[in-house]
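Everything on this sheet refers to the single structure shown next.
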Number of protein chains: 2
Amino acid sequence: MSAYHPLNEQEAIEIARGLESIFTPGAHLVSREIGDGNLNLVFHISDPKEGSSLILKQALPYAKVVGESWPLTLDRARIESEALIQQGKLAPGLVPTVYKYDPELALTIMQDLSDHVIMRRGLIESGRYPLFAEHISTFLANTLFFTSDLGMNQQSKKLRVREFINPELCKITEDLIFDHPYTDADTNSFDEAIRDEAEALWNDGELHLEVALLREKFLTQAQALLHGDLHTGSIFIKPDSTQVIDPEFAYYGPMGFDIGAVIANLLLNFAARGHWDSDETARQEYRSYLIETIREIWIKFDAKFRSLWEKNGVDRISMTAPGYKDNYMNRLLQDTVGYAGSKMVRRIVGLAHVADIDQIPDPAAREHAQRLALSIGKELIKRNRKTAAIEDLIEVAQSAAASVKA
Amino acid sequence: MSAYHPLNEQEAIEIARGLESIFTPGAHLVSREIGDGNLNLVFHISDPKEGSSLILKQALPYAKVVGESWPLTLDRARIESEALIQQGKLAPGLVPTVYKYDPELALTIMQDLSDHVIMRRGLIESGRYPLFAEHISTFLANTLFFTSDLGMNQQSKKLRVREFINPELCKITEDLIFDHPYTDADTNSFDEAIRDEAEALWNDGELHLEVALLREKFLTQAQALLHGDLHTGSIFIKPDSTQVIDPEFAYYGPMGFDIGAVIANLLLNFAARGHWDSDETARQEYRSYLIETIREIWIKFDAKFRSLWEKNGVDRISMTAPGYKDNYMNRLLQDTVGYAGSKMVRRIVGLAHVADIDQIPDPAAREHAQRLALSIGKELIKRNRKTAAIEDLIEVAQSAAASVKA
């Protein structure tokens with residue numbers, strides 16, 4: 001790691017110039033640093049004349065969060081790059097192509113996706129993505145099935161688990177999702193208007209039991225190689241394309257954590273509607289669109305995962321034991337529901353929030369969205385082990401929307 | 001690994017001579033090779049004059065099983081030695097002391113325990129070990145608790161998981177315990193007299209579902225650092241001392257697998273009684289002794305584990321969430337019951353048997369023991385998820401003993 005130093009724009013351009021499959025020799029290249037500077041440097045390098053471009057992402061050896069600087073291993077660049085390469089093989093066209101990875105510089109050079117938008121922004125702007133459920137269900141089914149004991153050599157899988165041990169990034173999830181929101185922790189952050197809700201979370205024993213069980217699975221269940229941070233800010237989208245980015249939290253964990261992350265972020269947008277819609281009809285329609293997308297994601301995921309299992313299963317007894325597949329898929333759904341709830345709660349009272357809700361300028365409308373998101377999130381957590389169908393999750397969201405007063 | 005070669009007795013003596021804390025310089029040392037030659041060379045080196053001695057265990061790069069030779073990694077010597085060192089720290093006095101580990105030679109030099117007997121032999125000879133439950137429950141509680149997310153730093157635990165990834169040895173368990181006995185596999189081995197029982201196992205869908213669930217946990221649940229092969233042949237014993245040896249199967253897995261292994265092997269001996277007893281009264285008494293030992297192991301384990309959790313717990317929410325500890329301990333018991341059943345079934349119809357039963361010379365008595373062991377094993381597997389107390393397991397054993405005809 002002795003050669004490591006944060007790159008400046010000129011160095012970034014020189015490195016990019018070496019990718020002759022992208023840039024014509026001698027081209028005039030332009031660089032823009034487009035990262036948020038918290039965890040990584042991100043350079044967009046382009047040849048304006050030819051219209052060719054790429055992204056150069058370099059990990060920084062620290063994380064800036066709420067003004068503080070935490071040291072963070074550069075090994076996450078290896079994990080991100082390796083995960084992108086694995087996901088690209090398993091779900092081609094659904095993650096950016098990796099052109100090059102340089103371990104010394106903790107640098108990944110990859111496909112430029114700037115013709116896409118970040119999905120969170122797209123949803124806030126009431127965009128509709130009719131292929132999203134199809135795409136993300138393929139991404140989830142393929143990456144989760146083929147990295148699990150069901151779909152890959154079980155001895156190679158153990159080596160893969162070893163390769164993706166990711167203590168530092170997992171620690172962030174363990175603290176910020178599965179601990180701090182349920183106690184009066186310094187890292188918590190919430191509007192004073194909902195202090196009653198925060199305090200209720202800290203004192204809800206029934207909720208704590210379910211969170212402890214979900215946390216235990218996150219800590220121990222090496223089920224599949226997860227993306228690990230699959231919210232709508234990790235998805236680049238346009239009507240005909242979905243691209244999953246930023247898998248630096250990748251590790252072997254419970255599949256429901258990834259599926260639940262996608263659904264949670266659709267439900268956070270669901271809770272935030274109203275402010276982002278022109279009128280009540282538009283709100284109802286957009287909410288219906290979100291609910292239909294969630295339903296479709298689970299139904300397609302379930303069908304694709306089962307089909308892969310039928311055709312590509314490697315685990316004998318799990319394929320023949322009567323009832324095992326249904327039992328497995330039902331537990332996946334239950335985990336999905338529990339993790340979706342956990343991911344909603346932390347975005348309201350925990351350290352990191354979502355723009356869908358935080359950017360609502362009207363305090364009353366924002367408070368309503370926050371209370372609604374918490375109501376859905378808590379109920380999903382409490383019901384997770386009783387869930388039998390995706391309709392149960394949808395029913396939770398719809399009845400909370402009907403009962404939480406604006 | 002270039003220096004690796006199987007040692008001869010003279011080389012073993014020369015290496016042992018280097019341990020000046022054990023042997024007087026210039027002593028006349030004697031070597032005996034006491035391994036079974038299947039997986040390892042084991043040299044007993046002693047100075048008959050001083051009465052000092054040690055064990056030198058060297059891994060062989062293959063396993064001889066039923067005449068065939070499988071290549072096996074020498075890395076298992078590292079895992080065994082590392083596991084012994086960890087267990088020695090966590091459960092002092094309950095594993096042999098490691099004097100030296102040489103990775104190039106895949107060699108561990110450790111305490112000589114030849115004043116103990118192998119517990120399986122001790123039980124066959126109707127030995128009683130009044131301190132065994134106390135010792136083994138301490139071994140289990142300490143090694144499992146302090147290597148889990150409940151009792152050690154959760155980021156260090158992830159590095160420990162990485163260190164103990166053990167694909168080859170896990171594969172043996174996955175095949176021979178959680179697959180082959182439930183299908184007509186070439187590796188299976190059973191007396192023709194119980195072919196009806198073997199075929200019933202291959203066609204019992206209810207059993208297959210439970211085995212698939214237990215197998216899934218063995219494959220995915222990185223709960224604690226297990227011994228991984230904790231049968232009564234891995235325990236050296238005498239009335240005042242218990243020593244757990246041979247942890248080459250060590251890996252991060254479900255705690256119930258270790259606890260279940262101990263109980264299964266006591267129940268295999270339970271099934272074999274009669275031949276080993278002078279009369280019916282002696283049989284009843286010895287069976288009562290075994291049952292009392294099993295009860296005591298679980299009760300003491302449960303109490304010690306909970307006490308460690310109270311005093312040394314590191315996971316906040318798991319310590320405060322109402323009902324979580326009881327939920328956790330009940331799942332441990334259920335896993336214990338399921339794995340105990342799996343370990344019994346494989347010893348009757350699978351590749352590797354136990355002397356308690358195989359050495360019964362009378363075919364009818366042996367057949368009875370086999371049918372009784374299978375009856376208990378299958379019932380434990382089927383009931384595992386419904387178990388609420390150790391008495392449930394005891395009831396299964398006792399009612400099978402009453403109903404399986406001699």
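Here is the naming used below: chain letters follow the sequence lines, and residue numbers restart at 1 for every chain.
Neither the backbone nor the side chain of A:K217 comes within contact range of chain B; no heavy atom of the residue lies under 4.5 Å from a heavy atom of that chain. Using a 4.5 Å cut-off between heavy atoms, B:D204 makes no contact with chain A at all. Both the backbone and the side chain of A:L213 come within contact range of chain B, each with at least one heavy atom under 4.5 Å from a heavy atom of that chain.
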**Intermediate values then yes/no, side chain to side chain contact (heavy atoms under 4.5 Å, CB included), B:F178 and A:I317** = CA-CA 8 Å; B:F178 297 115; A:I317 201 166; over 6 Å; no
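Between chain B and the options A:A321, A:P254, A:S156, A:G323, heavy-atom pairs under 4.5 Å are most frequent for A:A321. With chain A as the partner, the residue from B:T320, B:V211, B:L209, B:L159 showing the most heavy-atom pairs under 4.5 Å is B:L209. Annotation: maximal heavy-atom pairing with chain B below 4.5 Å, among A:T220, A:L150, A:N166, occurs at A:T220. Taking B:R316, B:Q223, B:E168 one by one and counting their heavy-atom pairs under 4.5 Å with chain A, the maximum is reached by B:R316.
Panel note: side chain B:Q155, backbone A:P167; a donor-acceptor pair is recorded below 3.5 Å.
The CG atom of A:D315 lies 7.5 Å from the CG atom of B:D179; values are rounded to the nearest 0.5 Å. A distance of 11.5 Å separates CG of A:L219 from CD of B:Q221, quoted to the nearest 0.5 Å. Once rounded to the nearest 0.5 Å, the distance linking CZ of A:F164 with CZ of B:R162 reads 12.5 Å. Once rounded to the nearest 0.5 Å, the distance linking CD of A:E163 with CD1 of B:I165 reads 11.0 Å.
Applying side chain to side chain donor-acceptor pair (under 3.5 Å) to A:Y324 and the options B:E216, B:R215, B:H208 leaves one that passes, B:E216.
Applying the 6.0 Å contact sphere to CG of B:N203 captures more than 12 heavy atoms from other residues, nucleotides or ligands.
Pairing each heavy atom of A:A212 with each of B:S318, the nearest pair is CB-CA, 4.4 Å.
The residues A:E174 and B:K158 are annotated as salt-bridged, a charged nitrogen and a carboxylate oxygen being separated by less than 4.0 angstrom.
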